[in-house]
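Below, chains carry the letters A, B, ... as their sequence lines are ordered, and counting in each starts from 1.
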Amino acid sequence: MGKSETRAIQPTREENYSEWYQQVIKAADLAEASPVRGCMVIKPWGYEVWENIRHVLDGMFKAEGVKNAYFPLFIPMEFLQKEAEHVEGFATECAVVTHHRLEKSDGKLVPAGELAEPLIVRPTSETIIGESFSRWVKSYRDLPVLINQWANVVRWEMRTRIFLRTSEFLWQEGHTVHASADEAMALAGRMLDLYETLARDYLAIPVIKGRKSESERFPGAVETMCIEAMMQDRKALQAGTSHFLGRNFAKASNILFQSERGRMELAWTTSWGVSTRLIGGLIMSHADDDGMVMPPKIAPAHVVLLPIFRKDSDRQPVMEYVENLAARLREKQYAGRRLGVEIDAKETGGARGWEWIKKGIPIRVEIGPKDMAKGAVFMGRRDTSHRDRKSVGTDLFVDTVTDILDDIQYKTYQKALEFREAHTVFIDARDGFYDFFTPSNPQQPEIHGGFALSHWCGSPECEKKIKDELSVTIRCIPYDRNLAGDGPGRCICCGKESPCRVVFAKAY
RNA sequence: CGGGGCGUAGCGCAGCCUGGUAGCGCACCUGCUUUGGGAGCAGGGAGUCGCAGGUUCAAAUCCUGCCGCCCCGACCA
C-alpha cells in the first residue's frame, strides 16, 4: 500500500498548514511569487477562476442595475485627506508617486521631475469616485447612481501571502449614491446577499453574514457588513464586505442633490467589494492533501479526457474517439458557460492523471481501446478517492455529466459546511472560551479553535482584551438568529449584560 | 518594523561545522522495454549555489552588508 498512500502535497494540512497552502498553489499552477515584493503572478489556471468569479458577479450586478465604469489608478494625495477616518485607515499603507521621469546618473536610472502634488496609487477609490459623483449628481432625479469598477488596488502590506494578502490585488469595488439612508442601507444589504450567493452557490463556501463591530469597520463607514468563512485551519476569512457610508463621504466629496422639495441635501453612499482573496478562500476551503479541489461552477475546466494507447496503432482511433467526445461535451452548458473540456494526450502514464488531481479538475476520464470497444469511459471524480473510479457508458456519461458536476458541487459545499459546523460552538464560560482558543503547544500551535458563538457586552474594552490575550477577534455580529442566540446573556469577558451572541475567531 | 528559520537545476532536498570549483530523488530530452496507470533500464540536457563586497593560492562552504521567502508578534481585504 505504501506508495498509494502517499499524498500529492507535502507537507499535509495537519503537518504544516501554511506551507501546505503554498504547495497547493504551486502544485495546482494557480499563481507564483513575482520579483516584486509582495506581488503575485496569477497564472492561467488561477486567473480563469477569477474570470469566472467576475463573470458571475458582473451578471448579478447588472441585474441590480449597476453599471461598470473605470476611474484613475492615481489619486491626488489631498483627496485621501478629505475623510478623517479614511486617511487614518489607509495612510500607513499607501504607495506614493512622487516623480514622473527617469534620468541617467552615473549609468544608473534615478527618478527626476518631481511632481508638484504627489499621487497615491489607489488603496480603494471612494475619494476619486466621490469627486466624479459630486459632479454627476444634481437632483434627486439623478439618483440612485449605481457604479462598479473592476480594478487593481495597492495596499503596502507588511506581511504578504499569495491571494490572501498581497500588495497589489484585483477586485471589484461598487460605489452607489442614494437620496435616503434607508435606500442606501438596503442596497448595501442586497449586495452582501449577492456575495453570499456567489460564495455559497458558486464557490461552494458556506458563509456567515453579519455586521462588523465598530473597531473592525471600514475606515469612514457607518456600518460594515461582511461574509465570513471558516478555513480548514478553523480560522476565519473575511470573504466580502459591503459598507453603508452614511453621509461621511458625501460630505467629504461634496455630493449634494436637490430634493423633491427643492432643498440641497447631502447624499447617502455605499461601497462594497470582493477580491482575488476569494481564490485563497477557495483553496483553504476545499483543497486537500492531494491538491486543489475546484467546485465545478467556478472551475477553469470541468472534464479532462486522458487517452490511453496500448499500441501505436491505437493512437489514431482513440484520439478520434476522444476528440469526438470532447466536441459532444463542449456543446453542453454548465453554470452559464460552455462545459470546459481539456484533452491531455501526454504519454506519461499515471503521473498525468495526478497532474489533474493536483489542479483540482472535477472529473477525469480515461479512454482506451477497451473502453472504446465497450462504448464506455473510465471516470474518476475529484471529490472521491483517486482509486475510486468506474466505467460508465459514453452516452450515459454525456447525458449525465452536468448532473455529476452538480453532485460534486453539492458535496463540496456540504463537506465545507459540515466542517464549519463541527468547529462552531456555543461557549458561555470564560474558561471554556480561553481553552477553546489556546493551542496545547504554543511554540508550534496545532490546528485548534474555530468559531465561538459567545455573548459580548458591546464594549470595545472587552473586545480589545480578548484580542490582546488570545489574538481572537469578533468576526461579525451575525444576522442569523440561530447563531446570534435567542435573547440576552452575559458577556464572555466581563459578565455584563449582552444583547446577542457574536462570532469570535482567529482571523486572516 | 522586532524575534526565529531559510535561500544550491522546474519541484523537493543533501553538501556548509572540518574551504579544493556541485550532487541526489522527481520532472524534462533520446533510445529500448513496458502498457488500464503516479512504469523499468540505459544514456543525456539543465545550476553566475539569492545579490554585493571581503578573507584566501582557492569560497556553495568562513566574515560583513543587502534582498527575498516562511514562522511568531504589531497592521490589514
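None of A:Phe218, A:Phe249, A:Trp272, A:Trp268 except one satisfies the ring-ring contact (aromatic ring centres under 6.0 Å, His included) rule with A:His243; the exception is A:Phe218.
Here A:Glu228 pairs with A:Lys212, A:Arg475 under the salt bridge (charged side-chain N to carboxylate O under 4.0 Å, His left out) rule; sequence neighbours left out. A search for salt bridge (charged side-chain N to carboxylate O under 4.0 Å, His left out) contacts involving A:Asp289 returns A:Arg13, not counting sequence neighbours. Listed by chain and residue number, A:Trp45, A:Glu48, A:Val49, A:Met294 satisfy the side chain to side chain contact (heavy atoms under 4.5 Å, CB included) test with A:Pro300 (two or more places apart in sequence, or in another chain). Checked against salt bridge (charged side-chain N to carboxylate O under 4.0 Å, His left out), A:Arg315 has the following partners two or more places apart in sequence or in another chain: A:Glu347. For A:His55, there are no side chain to side chain contact (heavy atoms under 4.5 Å, CB included) partners at least two apart in sequence or on another chain.
Across all strands shown, A:Thr92 has no heavy atoms under 4.0 Å from either base or sugar-phosphate atoms. As judged by a 4.0 angstrom heavy-atom cut-off over every strand, A:Ser275 is placed among the base-contacting residues. Among the atoms of the strands shown, base atoms are found under 4.0 Å from some heavy atom of A:Glu157. No engagement by A:Phe218 is indicated, since no non-hydrogen atom pair under 4.0 Å with the nucleic acid exists. A:Arg161 comes within 4.0 angstrom of the backbone, heavy atoms only, and of no base. A:Arg364 comes within contact range of no nucleotide atom at all, as no heavy-atom separation falls under 4.0 Å. When heavy atoms are screened at a 4.0 angstrom cut-off, A:Leu164 is found touching base atoms of the nucleic acid.
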All N/O donor-acceptor pairs, side-chain side in residues 23-36 of chain A, below 3.5 Å, sequence neighbours left out:
from    : atom 1 : to      : atom 2 : distance (Å)
A:Gln23 : NE2    : A:Glu19 : OE2    : 2.9
A:Asp29 : OD1    : A:Lys43 : NZ     : 2.7
A:Ser34 : OG     : A:Val36 : N      : 3.1
A:Ser34 : OG     : A:Val36 : O      : 3.0
A:Ser34 : OG     : A:Cys39 : O      : 2.6

Could you give the side-chain donor-acceptor pairs of residues 201-211 of chain A under 3.5 Å, partners two or more places apart or in another chain?
from     : atom 1 : to       : atom 2 : distance (Å)
A:Lys209 : NZ     : A:Asp193 : OD1    : 2.5
A:Lys209 : NZ     : A:Glu196 : OE1    : 3.2

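Taking atom CE on A:Met372 and atom C1' on B:G36, their separation rounds to 15 Å, with Å as the unit. Taking atom CZ of residue A:Arg159 and atom P of nucleotide B:G3, one finds them 15 Å apart after rounding to whole Å. Look at CD on A:Gln22: it is 10 Å from P on B:C69, rounded to the nearest Å.
Taking 4.5 Å as the limit, some side-chain heavy atom of A:Tyr21 sits within range of a side-chain heavy atom of A:Arg161.
When Watson-Crick and G-U wobble pairs are counted only if both distances are under 3.5 Å, B:U30 pairs with B:A42.
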Every protein N/O within reach of nucleotides 65-68 of chain B N/O, cut-off under 3.5 Å:
from  : atom 1 : to      : atom 2 : distance (Å)
B:G68 : OP1    : A:Arg37 : NH1    : 2.7
B:G68 : OP2    : A:Arg37 : NH1    : 2.9

At a cut-off of 3.5 Å, list every protein nitrogen or oxygen paired with a nitrogen or oxygen from nucleotides 4-14 of chain B, distance to 0.1 Å.
from  : atom 1 : to      : atom 2 : distance (Å)
B:G12 : OP1    : A:Lys26 : NZ     : 3.0

